[in-house]
Amino acid sequence: MNAIVQAVKTVSSLFVDDGSLALAIIALLAAVYMLAHVALLASPALLMALLVGGTLLLLLENVFRAARRSRR
Amino acid sequence: MLSWIQGGPQMAAAFLGSSVEAVEAMTIVLAAGIVRGWRSALAGTAAGLLTLAAIIAAFGPAIAAVPIEYLQLVVGTLLLLFGIRWLRKAILRSAGIIALRDEDALYAQETRALTDSRAAASRWDAVAMLTAYKAIVLEGVEVVVIVIGVGAVGNMLVPASIGALAACGLVVIAAALLHRPLARVPENALKYAVGVMMAAFGLFWFGEGIGVVWPYADAALLGLMAVLFAGSAAAVRVCRMVGKTQPALAEVRT
């Protein structure tokens with residue numbers, strides 16, 4: 001059992017460094033997916049802007065937070 | 001001929017990403033081989049490569065059977081997470097918030113740990129074998145993720161695999177010639193570039209998976225890379241201003 005947990009942890013660490021950033025990105029992708037499939041008004045340009053702009057904003061917020069934390 | 005031109009970005013991304021992983025694995029295998037003996041270190045390496053081959057053989061056909069739209073969504077999500085993880089770390093390292101990875105320090109640390117190990121080195125040394133095996137499997141899985149991530153969706157597994165194999169081959173040859181860790185490889189710059197590339201591929205595939213038709217088709221990847229690079233470069237500058245000025249935290253290995 002321990003080996004399985006260890007293996008899952010190792011594999012997840014390939015994709016997740018900061019848990020809050022990973023969760024935020026997954027939430028963003030889910031929101032964009034819903035918007036693309038549910039909201040008929042969602043234009044491709046809006047989806048692209050949300051996808052690219054949202055990812056970049058989440059990344060920037062995360063690194064700025066890390067930088068501020070390191071100053072304390 | 002056209003497919004090879006189209007496969008250029010995939011090959012470059014796989015080459016750069018795999019070279020980082022190969023350098024990390026090689027540092028550990030070198031330490032195991034020099035301290036505990038080459039026979040056991042190479043046996044562990046061979047066992048690790050066999051395990052990787054088994055993983056590829058098991059998951060390769062399964063991936064081929066997944067419908068393209070689901071593959072785009074899943075691979076896009078995983079690739080985006082993978083790329084953002086590298087990009088985040090590269091930004092923080094470039095800004096001096098966390099320390100750069102130091103292959104020489106890691107080699108010394110690994111050598112110390114292997115020397116201090118209680119088990120005496122023998123003809124078949126379990127410590128060396130296990131150390132080399134773990135390094136090859138852990139870093140190798142990352143190479144497999146990179147190759148599948150950049151190559152699976154666009155039917156570009158062959159150029160991606162060639163890029164990865166070329167990187168691993170070059171690192172092995174360099175390590176065999178130098179007989180020491182490849183400390184001069186600009187790892188953070190490579191990680192930065194690969195992070196940008198992987199995140200761009202992730203956004204591109206996920207977008208295609210939800211039905212977005214990117215302007216200029218595959219060339220949109222270059223635009224995505226440019227946007228991510230510009231945003232992250234700005235982040236490095238701001239983080240330098242916001243962050244502390246004292247020496248970076250001792251995060252040698254992550």
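Chain identifiers are assigned alphabetically (A, B, ...) following the order of the sequence lines, protein sequences preceding nucleic acid strands; residue numbering begins at 1 within each chain. The model shown is predicted, which means the values in this text are computed figures rather than measured ones.
Rounded to the nearest 0.5 Å, atoms CZ (A:Arg68) and SG (B:Cys239) are 9.5 Å apart. B:Leu80 contributes atom CG, which lies 5.0 Å from atom OG1 of A:Thr55 (distance to the nearest 0.5 angstrom). The structure places CG of A:Asp17 at 11.5 Å from CG of B:Leu87, a figure rounded to the nearest 0.5 Å. If you take CG on A:Leu29 and CD1 on B:Ile210, they are separated by 8.5 Å, rounding to the nearest 0.5 Å. Here the CG-CD1 distance, from A:Leu21 to B:Ile84, works out to 6.5 Å after rounding to the nearest 0.5 Å.
In this structure, chain B has no heavy atom under 4.5 Å from any part of A:Leu57. For B:Leu73, the part lying near chain A is the side chain, with the backbone staying farther off; criterion is any non-hydrogen pair under 4.5 Å. Using a 4.5 Å cut-off between heavy atoms, B:Leu92 touches chain A through its side chain atoms alone. Looking at A:Leu51, the atoms closer than 4.5 Å to chain B (heavy atoms on both sides) sit in the backbone and in the side chain alike. Neither the backbone nor the side chain of B:Val236 comes within less than 4.5 Å of any heavy atom in chain A. Contacts of B:Ile91 with chain A are made by side-chain atoms alone, with heavy-atom separations under 4.5 Å and no backbone atom involved. With a 4.5 angstrom heavy-atom cutoff, B:Val227 touches chain A via backbone and side-chain atoms both.
For the pair B:Arg85/A:Phe15, no side-chain contact is recorded, criterion being any heavy-atom separation below 4.5 Å from C-beta on. At least one side-chain heavy atom of B:Leu81 sits less than 4.5 Å from a side-chain heavy atom of A:Ile26. A 4.5 Å side-chain heavy-atom check between B:Val242 and A:Phe64 finds every atom pair outside the cut-off.
For CZ of B:Arg237, the number of neighbouring non-hydrogen atoms (other residues, nucleotides, ligands) closer than 6.0 Å is 12 at most.
Most heavy-atom pairs under 4.5 Å with chain A, from the set B:Phe206, B:Trp214, B:Phe82, B:Trp86: that is B:Phe206. Per-residue heavy-atom pair counts under 4.5 Å with chain B were compared for A:Leu60, A:Leu47, A:Asp18, A:Leu58, and the maximum is reached by A:Asp18.
Nearest approach of B:Ala235 to A:Val63, heavy atoms of both residues: CB-CG2, 4.1 Å. Taking all atoms of both residues into account, the shortest heavy-atom contact from A:Asn62 to B:Arg88 is OD1-NE, 2.5 Å.
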